[in-house]
Each structure stands twice: as C-alpha cells, then as structure tokens.
Amino acid sequence: MELNLHRLWIFLQVVEHQGFSAAAHRLYMSQPSVSNQVRRLEQSLKVTLIDRSGARARPTAEGEVLAEYGKRVFLLADEAVAAVQQVSGLASGRLLVGGSTTVGTYLLPPLLARFSERHPGIDCDIFVGNNEAVLDRLVAGDIGVAVVAGVPTASRLVTETVLDERLVLIAAPGHPLTDRDRIGPDDLTGVRFLLREPGSQTRLLQEQALAEWGLADASRSDVWGPEALKQCVSAGLGLALISEHAVVDDVGAGTLAVLPVTRCPGPGR
C-alpha cells in the first residue's frame, strides 16, 4: 500500500474547501480531475474518504484520520524545506566532506580552512579514503560533498573541476638518476616502482603511465597511502609517481627529489 502525496494534497484541499469544485478552483484543475484523484486515493487505501451524500463534501471517519496525518506530513515537509534552505544559505549546519587520500590529505584541509572562514556556522567533518571508498559513501548519501582525483562516472553525481594536477616521478635524493638532466623511459628499465594500493586513483594513473612508457612489466611493490609511499621512496626502496601537491614540502626540505622524466603522465584531477 502506497500513499501518493500528490493525491493526498488534493484530498486535503477537498476537505478544507468542503467540495470538489472549490478545491478544483483552488488547484487550477478541472472538477472531474479532482474527483478522479480522490477516487484513486480511496481505491489505493481501500476505504471511502469523502462522504458525497450531502450538499458539501465531508470527510468520513477514515478521511478525518487521514486528513489529520496529512496536515502533519505537509507541515513536516515545510519544516524540512526551511531547514534545507537554512543550510543552503550556509548559515548553520553540519557537513561531512570526503576526500580521496592524496587530495584529502594535502589539498582538502586548506580548502576547508578557507570555507570555514567564510561560513563559520557550518561545522565540517572529514572522511579521507581511497577514491573507491569515498565515491561509494558519496553515492550512498553518507557524504555530502567530496573532493576526489579523476572524474567520477556515477550518473547520480554532479561534478565540477576544482583544479588540475600532474604526477611527478620522485626518488631518494642520492639516487643515481638525480644527476641526469633529462630521463627517458629507457633509463627506467630495471627500476623498481612503488605503486599506491588498488582502488586509488593514483594507482590507476601510475599503471597507465608505466604502460605508456613500455614498462608495464616493471618490478613493483604496493604501498598503502601517500605518506608511506614517500617514506619508502626516501628510504631508497624504489621510485614512485605521485601528485605534485603531495611532495612540495618534501622536495623543499631535500628529503625527496623530482626526476626530470620525459613524457610525464598527463594531468589528472
């Protein structure tokens, strides 16, 4: 049994205006259309809601019960709209923001700091995970908005490009390739590559880059998380492709070096 809210609203107008013709005038509908909608509501509930025997349409006992609940339903709907408008006006509320691992770790905090300065009444919670985990929660409605790498393909999502980024190839400062002015794919033969965990957008871009370089069969190891990845590279365990935004401080501090590789992967988002 389903309660059609459109028909419920028409029924309430009939009760309020004590007649089908008056309700039709109020709703800018024809009288037969109003009568038909109420009749279909009665059929779906399997009860008679309107007493049609008198000069004026009056609710039956069942109709009075439904009218009482119907008024409460639409009152609650009005309250919901007001609450949504308050949040959309960014006056107050709470927002769970998601971020894919790299974006959520290095770019989301300063973005939220700027947002909080402009909208101090909004409290923000942060969920950071790989792209797959963030998008799953976003589609499920657990997260209100998310900043992720790549362009999500789920049809239910509305996307907007925030910024572009590119991957850079990083190595430990003392790695032999840091002395080169330019590095081609041939110079990377025999190198061990450290890749992000499956489900990460960075992992997808890393694998695409290795394929473009003809290094799809290169030695590789999986490392979970960008911070662990950087530490492993710094320790000399291999090279890694990683977002340029994730290594700004490390390169400045001299703990990582960016290699000048040709045909670097194109921009991701």
Side-chain angles (χ1 to χ4, degrees), residues 95-113 124-140 142-154 157 162-175 177-178 188 191-211 213 215-216 218-259 261 264-269:
L95 180 65
L96 176 57
V97 181
S100 55
T101 308
T102 299
V103 174
T105 301
Y106 303 104
L107 297 178
L108 189 54
L111 287 174
L112 285 181
C124 293
D125 300 317
I126 302 173
F127 171 80
V128 175
N130 64 33
N131 252 45
E132 185 177 343
V134 172
L135 291 176
D136 283 347
R137 293 194 63 179
L138 187 62
V139 171
D142 298 332
I143 295 174
V145 64
V147 182
V148 299
V151 181
T153 58
L157 300 180
V162 177
L163 52 83
D164 290 332
E165 66 174 354
R166 66 188 181 98
L167 298 186
V168 292
L169 186 63
I170 58 172
H175 194 281
L177 291 177
T178 58
L188 301 174
V191 168
R192 173 175 290 276
F193 288 90
L194 306 181
L195 306 185
R196 281 286 305 280
E197 72 279 1
S200 163
Q201 178 68 14
T202 299
R203 169 62 172 262
L204 177 63
L205 296 176
Q206 289 169 331
E207 291 184 334
Q208 289 176 349
L210 292 180
W213 289 342
L215 299 171
S219 176
R220 58 178 66 186
S221 296
D222 292 348
V223 181
W224 289 69
E227 284 299 319
L229 185 68
K230 292 192 297 180
Q231 291 295 326
C232 289
V233 172
S234 182
L237 296 179
L239 307 184
L241 284 159
I242 193 170
S243 168
E244 59 186 328
H245 301 293
V247 296
V248 173
D249 293 339
D250 306 273
V251 173
T255 57
L256 290 172
V258 174
L259 301 180
V261 63
C264 209
R269 288 187 172 90

Closest non-hydrogen atoms of I143 and L96, given as atom of the first, atom of the second and distance, are CG2-O, 3.4 Å
Between the side chain of S200 and the main-chain N/O of N130, is any donor-acceptor distance below 3.5 Å?
no
Can you tell me how far CD1 of I126 sits from CG of L112, rounded to the nearest 0.5 angstrom?
5.0 Å
So which heavy atom on G254 is nearest to which on P173, and how close?
O-CG, 3.1 Å
How many angstroms lie between atom CZ of R220 and atom CG of L215, to the nearest 0.5 angstrom?
9.5 Å
Quick check: closest heavy atoms across W224 and P198, and the distance to 0.1 Å?
CZ2-CD, 4.3 Å
When every non-hydrogen atom of P109 is compared with those of G104, the smallest separation belongs to CD-O, 3.2 Å
Heavy-atom check, side chain of R196 versus side chain of T101, under 4.5 Å:
yes
Are any of the side-chain heavy atoms of T202 and L229 separated by less than 4.5 Å?
no
Q201 side chain reached by V148 side chain, heavy atoms, under 4.5 Å:
no
With rounding to the nearest 0.5 Å, note down the distance linking CD1 in I242 to CG in L195.
11.5 Å
Look at the side chain of E197 and the backbone N and O of D222, then say whether any donor-acceptor pair between them is shorter than 3.5 Å.
no
Only one of T102, V97, T105, V134 forms a side-chain contact (heavy atoms from CB on, under 4.5 Å) with V128, so which one is it?
T105
Nearest heavy-atom contact between S221 and R192 is OG-NH1, 2.7 Å
How many angstroms lie between CG in L239 and CG in L169, if you round to the nearest 0.5 Å?
5.0 Å
Only residue of R203, R166, Q206 satisfying side-chain contact (heavy atoms from CB on, under 4.5 Å) with L241 is Q206
Do L188 and L177 make a side-chain contact, defined as non-hydrogen atoms from C-beta onward lying under 4.5 Å apart?
yes
With distance as the sole criterion, is a donor-acceptor pair present between the side chains of Y106 and E244 under 3.5 Å?
no
Does some side-chain heavy atom of V168 sit less than 4.5 Å from a side-chain heavy atom of V251?
no
Atom of A172, atom of S234 and distance for their closest heavy-atom approach:
CB-O, 3.7 Å
Approximate separation, where rounding is to 0.5 Å, of L256 CG and I170 CD1
4.5 Å
